[in-house]
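Scroll down for the structure; my scribbles are underneath it.
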Amino acid sequence: MFEQYDIIVVGAGHAGSEAAAAAANLGSKVLLVTMNLQRIASMSCNPAMGGVAKGQIVREIDALGGYSGIVSDKTMIQFRMLNKSKGPAMWSPRTQNDRVQFAIEWRDMLEKTPNLDFWQDTVTTIIVEKDKVIGVETSMGQKIFAKSVILTNGTFLNGKIHIGKKSFGGGRIGDPSSWGITEQLRSLGFESARLKTGTPVRVDGRTIDFSKMEEQKGDESPEGFSFLKKDRLTKQRSCWITYTSPIVHDELKLGFDESPMFAGRIEGTGPRYCPSIEDKIERFADKTRHQLFVEPEGWNTVEYYVNGFSSSLPDHVQLKALRRVAGFENAKIFMPGYAIEYDYFPPTQLQYTLETKLISNLYFAGQINGTTGYEEAAAQGLMAGINAHLKLVDKDPFILKRHEAYIGVLIDDLITKGVDEPYRMFTSRAEYRILLRQDNADIRLTHLSFDIGLASKERFETVKNKEKQINDIIKFTKKQSISPAEANSLMASKNTSDLKQKIKISDVLLRPQINIDELILVSEQFKNEIERINPSKETLEAAEILIKYEGYIEKEKELVAKLLKLEDLPLKEDFDYHSLASLSSEAREKLSKIKPKTIGQASRISGVSPSDINVIAVFIGR
């Protein structure tokens, strides 16, 4: 039935969808195998993309030629740029999306992708010969052969759902688990463990009293993720905020004796940063209330997602407690919250390309690596798809470094440090976040992707034009002065000192109270120059950031240059760390297991101290 494929992608969640699209667009013949073609790129948890650090990842995926940003923009029902009150390194785009349309749009884009075939089935076994993967076998007995396989199994590997004392197999509610792959991989020498995540009740919006909640509207000038031209939202749906209370907490506590988490029926470790509501009550006993975000699921549905109310308590306990929350007094639910535990494979077993160390041409991407979140999964899928293709055509791997992208931080963290709880990206994980802003993801990455043949010429030309416009704006502000007569009324309105003489526009922009739009309004020459350049709102904002934060950006670039001298010092894969008696025993153990490729990577391994790095550096003559 099947031809020989270059790459088989197992699983069509966010990781699998990006992997299949990237590999196919690069020219590989790809087969995407999924249990249910109707659930491609399903938003299994909350119907939103982006957020703090995650929004930067989506923009990076888009800059590289992935689909997540485009699909998110086409299906968003609200847009917000988070953290605008902070510095631009913290600005993070987030969309609220139409859950149904999101999956439809993803499938449509995949079906329009050349070189990509589909097959609805469950993969039960990977076919391995001489430590090299050569295909997969499915539950229908089909043997399908390929040169590479990418596993993106999400929460489906031996997935188990918990609601109170009830538990049953499932990759998510309504979909079965996947059995067999974990057991086979372990027999091949892989290590596996269990993680846990959860989701809250879905509520009938017709039974919610929004008058008792705080409205959270989208931005007045909504943007989006994709750097390609797009239509802006002309209308948006609001989200809402409400809070739990001591009465709600007391209701929830009545079900603690039936909690699978407290009773020890859940083996997997849950996400520390996004705990269930019962975990919050237990861990933060001093808190009298917790914030809940009430989010619409789409344009044409009454279903709402209660962000912050994740729970695995009995369904009747969840409902009774929810009805004690302001606005939910008469709530009816469509589906209870539940916890799900599943198998993952510690990502220290991977190379930077996300290829496994044990089996050649076998790649892992997404929650199988211990991450959580659509965005982290999609980024890994994109990189696995790119690298699987590049290896097949004998080209150098595509590896992003920590100073180049949040995606580089993500993958380096995974394979170097490993995970013992679901991994989520934060801006604090990036040492160089002033360089890794959401506004410049295209400038950082599109040319790299264009060079390997993924990013389109349209993207490349768009970035070149943006860079030219930014440079023209910056040059003008550093050359052109503004007079006290032009500027001082603005200075007074912003409670900043008057100009005593003419001063360069760029120097005025260094004042935190002043923004570029205001200076354009008071300087006729500046206004004329901006009209000549005709930049987009985003391009003008990017230029302003570079002017205002030039000193900080240059210092960070200098730091990167210094650290890269250490970062790229190579270490042999067969380096005998046990022979170095001066290393700590923990360092010898961790280094021997992970086999870092450079001293920079070695320095980030948990348990390896600076003194250990000095010992290695001395040994190799540095």
Side-chain angles (χ1 to χ4, degrees), residues 14-15 18 50-64 66 68-69 82-83 87-93 225 271-273 346-348 350-354 364-367 369-384 386-387 397-445 448-449 553 556-557 559-564 566-568 594 596-606 608:
H14 298 256
E18 286 287 6
V52 177
K54 292 170 174 281
Q56 283 87 329
I57 289 177
V58 179
R59 289 215 120 191
E60 289 177 355
I61 291 169
D62 183 76
L64 290 167
S68 289
L82 307 182
N83 289 334
M90 304 295 287
W91 296 357
S92 303
F225 288 115
R272 176 165 38 96
Y273 46 81
T348 50
L350 302 176
Q351 301 178 40
Y352 271 106
T353 58
L354 300 181
F364 292 172
Q367 284 176 284
N369 291 335
T371 60
T372 184
Y374 311 138
E375 303 83 2
E376 292 90 343
Q380 292 170 72
L382 178 76
M383 297 301 284
I386 290 171
N387 281 305
F398 186 69
I399 295 168
L400 295 172
K401 296 181 179 177
R402 296 181 74 92
H403 69 280
E404 292 177 314
Y406 272 94
I407 296 174
V409 175
L410 167 67
I411 293 175
D412 186 57
D413 277 355
L414 292 177
I415 70 167
T416 302
K417 299 177 181 178
V419 300
D420 54 14
E421 64 179 7
Y423 179 101
R424 175 181 176 176
M425 180 56 70
F426 294 105
T427 52
S428 59
R429 295 191 190 272
E431 305 92 316
Y432 314 115
R433 58 181 176 268
I434 296 175
L435 301 181
L436 307 184
R437 306 182 310 278
Q438 58 83 31
D439 66 275
N440 71 349
D442 54 342
I443 293 172
R444 287 186 278 120
L445 300 175
L448 299 176
S449 184
I553 291 168
E556 197 147 283
K557 285 180 178 178
L559 179 61
V560 168
K562 288 178 181 178
L563 292 177
L564 281 179
L566 174 70
E567 178 72 34
D568 292 332
I594 294 171
K597 292 188 180 298
T598 66
I599 286 190
Q601 184 190 357
S603 70
R604 291 187 293 277
I605 296 173
S606 175
V608 177

Exercise for the section: Ignoring hydrogens and angles, tell me if any N or O in the side chain of Q438 forms a donor-acceptor pair with the backbone of G55 under 3.5 Å. Expected result: no
Is there a side-chain contact between [X] and [Y] (heavy atoms, below 4.5 Å)?
X    : Y    : value
I411 : L400 : no
L350 : L414 : no
K417 : R604 : yes
L410 : R429 : no
I553 : R437 : yes
I61  : I407 : yes
E376 : N369 : no
V419 : P347 : yes

Problem - Under-4.0 Å salt bridge between R59 and D439 - result: no
Handout entry: CA sep, side-chain torsions, deciding dist, call: R444, E60, side chain to side chain contact (heavy atoms under 4.5 Å, CB included)
Key = CA-CA 9 Å; R444 287 186 278 120; E60 289 177 355; 2.9 Å; yes
Nearest non-hydrogen partners of [X] and [Y], listed with the distance:
X    : Y    : answer
P397 : T353 : CB-CG2, 3.4 Å
S92  : N83  : OG-ND2, 4.4 Å
Q56  : A89  : NE2-O, 3.7 Å
I605 : P596 : CD1-CG, 4.1 Å
M383 : F398 : CE-O, 3.4 Å
Y406 : F426 : CE2-O, 3.9 Å

Rounded to the nearest 0.5 Å, how far does [atom2] of [Y] lie from [atom1] of [X]?
X    : Y    : atom1 : atom2 : value
Q380 : I57  : CD    : CD1   : 9.0 Å
Y352 : N387 : OH    : CG    : 13.0 Å
I415 : Q351 : CD1   : CD    : 8.5 Å
N440 : L445 : CG    : CG    : 8.5 Å
D62  : S449 : CG    : OG    : 10.5 Å
L436 : T427 : CG    : OG1   : 10.5 Å

Practice task
Would you tell me whether S68 and E375 have side-chain atoms, one donor and one acceptor, within less than 3.5 Å of each other?
Solution key: no
Practice task
Taking side-chain hydrogen bond (donor to acceptor under 3.5 Å, both in side chains) as the test, write out the residues that go with R433, two or more places apart.
Solution key: none
Exercise for the section: Over 60° means perpendicular and under 30° means parallel, so classify the ring planes of H14 and Y374, tilted if in between. Expected result: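 Correct class here is parallel.
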Exercise for the section: Could you please spell out the steps behind the side chain to side chain contact (heavy atoms under 4.5 Å, CB included) verdict for D413 and R402? Expected result: CA-CA 9 Å; D413 277 355; R402 296 181 74 92; 2.9 Å; yes
